[in-house]
Amino acid sequence: MIMSHTALSSAFSRVEKQDFRNAMARLGAAVNIITTDGPGGRAGFTASAVCSVTDSPPTLLVCLNRSASVWPAFMQNQVLCVNTLAAEHEALSNLFGGKTPMAERFIAADWATLATGAPILNGAAVSFDCRISQTVSVGTHDILFCEAQALVCNQQGSGLIYFDRGYHPLLRQEAC
Ligand SMILES: NC(=O)C1=CN([C@@H]2O[C@H](COP(=O)(O)OP(=O)(O)OC[C@H]3O[C@@H](n4cnc5c(N)ncnc54)[C@H](O)[C@@H]3O)[C@@H](O)[C@H]2O)C=CC1
Ligand SMILES: Cc1cc2nc3c(=O)[nH]c(=O)nc-3n(C[C@H](O)[C@H](O)[C@H](O)COP(=O)(O)O)c2cc1C
């Protein structure tokens, strides 16, 4: 059930999946490419379900659908890099968010490595090189708690927001 902000319907009505998605489309978020490498192979996917958890120890969370083709690689490697995208990365986001073969995803950009070996995107707004410290399953997704081992912070450039099922460039970015 959907209520407009003026409606007085019960707040305890069951929320349907499609209504939930339509509502979530109104919740803007940064766009990230989450990468991994190791014994499970190199893999990466686009994610908007990313946020800060605590600064002690420095921890983010990433929500990953267990049916995604990349899930086994992340589980085996236990390391990942959260690469937060800049305005010019819209095409790259679609490449990592679709059904594109893994080699084709990575060939479209330049990558480096830092502490964990997970691919770091050159030109990202910021990259968090992490090890997975804990995994919790909720519904269709795994919540990956990720402890930062190293950071790359780009002081220039713009950001990219995903809102209303579309990309919106941010023309100003605060320095880290
Ligand atoms: N958290 C996730 O797993 C997300 C997955 N997607 C994938 O990209 C496709 C296209 O997304 P949109 O164009 O934004 O249209 P959509 O109508 O499928 O999704 C609208 C919003 O609902 C949320 N959402 C979508 N699928 C979800 C899921 N399986 N679990 C939890 N939240 C979900 C996201 O906030 C998304 O922006 C989706 O169908 C989904 O496969 C997109 C955004 C987030
Ligand atoms: C803008 C955008 C945001 C997405 N956010 C997430 C997310 O937070 N978690 C997730 O599991 N999948 C998310 N997806 C979908 C994955 O990127 C996609 O399922 C992944 O690339 C795996 O696809 P594959 O199974 O074809 O490899 C998102 C897709 C797009 C386009």
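Numbers here simply count residues along the sequence, with the first being 1.
A donor-acceptor pair under 3.5 Å links the side-chain atoms of Q78 to the main chain of M75, judged by distance alone. The backbone N or O of T116 sits less than 3.5 Å from a side-chain atom of D129, completing a donor-acceptor pair. Judged by distance alone, with hydrogens and angles left aside, the side-chain atoms of N65 form no donor-acceptor pair with the main-chain N or O of H141 at under 3.5 Å. Looking only at distances, no side-chain donor or acceptor of R131 sits under 3.5 Å from a matching main-chain atom of V79. A donor-acceptor pair under 3.5 Å is absent between the side-chain atoms of H168 and the main chain of Y162, judged by distance alone. Although no hydrogens or angles enter the test, the distance criterion places no donor-acceptor pair under 3.5 Å between the side chain of D19 and the main chain of V15. With R105 contributing its side chain and T100 its backbone, the two residues share a donor-acceptor pair below 3.5 Å. The backbone N or O of G139 sits less than 3.5 Å from a side-chain atom of R66, completing a donor-acceptor pair. Formation of a donor-acceptor pair under 3.5 Å by the T59 side chain with backbone atoms of P57 is found in this model. A distance-only check finds no donor-acceptor pair linking the side chain of T113 to the backbone of A118 [under 3.5 Å].
By the 4.5 Å heavy-atom criterion applied to side chains, N122 and W111 are not counted as neighbours. A heavy-atom distance below 4.5 Å is not found between the side chains of T135 and I143. The closest side-chain heavy-atom distance from C130 to E147 is not below 4.5 Å. Side chains of Y167 and S93 form a contact here, defined as non-hydrogen atoms less than 4.5 Å apart. The shortest side-chain heavy-atom distance between I34 and C81 does not fall under the 4.5 Å cut-off.
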Are L64 and V70 close enough, and set up right, to give a side chain to side chain contact (heavy atoms under 4.5 Å, CB included), and what steps lead you there?
-> CA-CA 9 Å; L64 171 59; V70 297; 3.9 Å; yes

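Between Q18 and N22, the side chains place a donor N or O and an acceptor N or O closer than 3.5 Å (distance only, hydrogens not considered).
The only option from L114, N154, T84, N83 that meets the side chain to side chain contact (heavy atoms under 4.5 Å, CB included) definition with S127 turns out to be N83.
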